[in-house]
Amino acid sequence: MVERVRIDHVGHRGDGVCVDAGEAIYVPYTLGGETVEVDHVAGHHPDRRKLLAVEVASPERVEPFCPHFGVCGGCAIQHWAAEPYRAWKRNIVVETLAQAGIACEVAPLVDAHGAGRRRITLHGRFGTHDILKVGFAAASSHDVIPIHRCPILDPALEGALDAAWALAEPLTSKMPVTKPLDIQVTATANGLDIDVRGSGPLPTQLITALSRVAEQHRLARLTRHGELVLQRLPPTVTMGRAEVTLPPGSFLQATVAGEEELAALVTEHIGKAREIADLFCGVGPFALRLAEKARVTAYDSDAGAIAALAKAARTPGLKPIKAEPRDLFRRPLVPPELRDFDAVVFDPPRQGAQAQALKLAASKVPVVIAVSCNAATFARDARLLIDGGYRLEIVVPVDQFRHTAHVELVARFTR
Ligand SMILES: C[S@@+](CC[C@H](N)C(=O)[O-])C[C@H]1O[C@@H](n2cnc3c(N)ncnc32)[C@H](O)[C@@H]1O
């Protein structure tokens, strides 16, 4: 059913929100103040509408720069001028903290798009009529939108799409259409590092075909579910003074600028601490920089990431880094262990670090730095620290995922 609605504002997920008789209706790709023609969306989204036409456009509307915008699910916002977009993104953090009853200074948004995304996950599958599609998932569906070019990628990912198409060709022809292939591509100092998932067991001739594609595309490394298919050169990234060889599939910040900005904020806000715990450390982008001045003990549940960090920690000139695998959801550091540190940084996945925040709240660590990619779970964990007696001094929002509703932040707590 086609309707005309007026958009009130852009919500925290990037969709325009229309409040109709007390009920919120969400319309992607619209802006506050716009009058738009919309249609219902088939299936299970009674509160979502599809944009058909913008009848009265916002003065803040701009022309999207990518031909796939509006279909590809990779970007939610390319149609909004930079300044109101930046104000909206900072406001996601401001409003989320206010809703949780947390009063705190929120700094201006730090832009961390830099040269663009250095890591992407593409999907590949055969569509109808046996036509191969490789690209990003469509907005709100599992369809694959075929793409050959993406303007938000770091130039270091040059060739990533061609390589993904070439790898998907032999693999998807053997797979059921319902199950797309995931192709994670990371730009490294020695070329592209690709991990392919979802193909299941493969016959030897198919593995040989994949390693031929890896050679042809001059990949640094090709793995399947983390298992080596071919390595021409070690896939390394530089973190501070150290060179880290990436384990397949481990976490890595999405842009170089994002990693550098987050690490610089962590280093600045941690101050003069000499004994630091880096919790949820990944391959060590914070630990390896903090160790230029302080001793660091680092924990993560990903054993591959910990091994990579332990190796990089041997870089000459760094203070000692102790890196240990540990599940911090099940076995958070407890107050007697936390006594060893004069600062703690924690950077959990999206679900936050509730168990660890509870233990930190009961500790006497004078400085705690939180890094988060989810303002809502950060607010929940911050509440635990504040109720335990910490003061939240400042929150700095960081825009690593430009054109999306994701926002990162760095926060400083003291007691
Ligand atoms: C947002 S990443 C941050 C990694 C690192 N600080 C960085 O900036 O690259 C979150 C990290 O938490 C780790 N992780 C996820 N669940 C965990 C758990 N239960 N215990 C410990 N680490 C966990 C992941 O392996 C990942 O390295």
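Keep in mind the model is a prediction, meaning the values are calculated, not measured. Ligands are counted one by one from 1 in listed order, and the atoms in each one are counted from 1 as well.
With respect to R412, the side-chain hydrogen bond (donor to acceptor under 3.5 Å, both in side chains) criterion is satisfied by exactly one of E268, H269, E393: E393.
Using a 30° and 60° split on the angle between ring planes, W80 and Y85 fall in the perpendicular class, above 60°.
For R380, there are no side-chain hydrogen bond (donor to acceptor under 3.5 Å, both in side chains) partners at least two apart in sequence or on another chain.
Centroid-to-centroid, the aromatic rings of W88 and H9 stay 6.0 Å apart or farther.
Taking the ring axis of Y26 as reference, the NZ or CZ atom of R48 does not stay both within 45° of it and closer than 6.0 Å to the ring centre.
The distance from the CG atom of D195 to the CZ atom of R197 is 4.0 Å, given to the nearest 0.5 Å.
Among protein residues, F251, Q253, F280, C281, G282, P285, F286, D300, S301, D302, R326, D327, L328, F329, D347, P348, P349 come within 4.0 Å of ligand 1, judged on heavy atoms.
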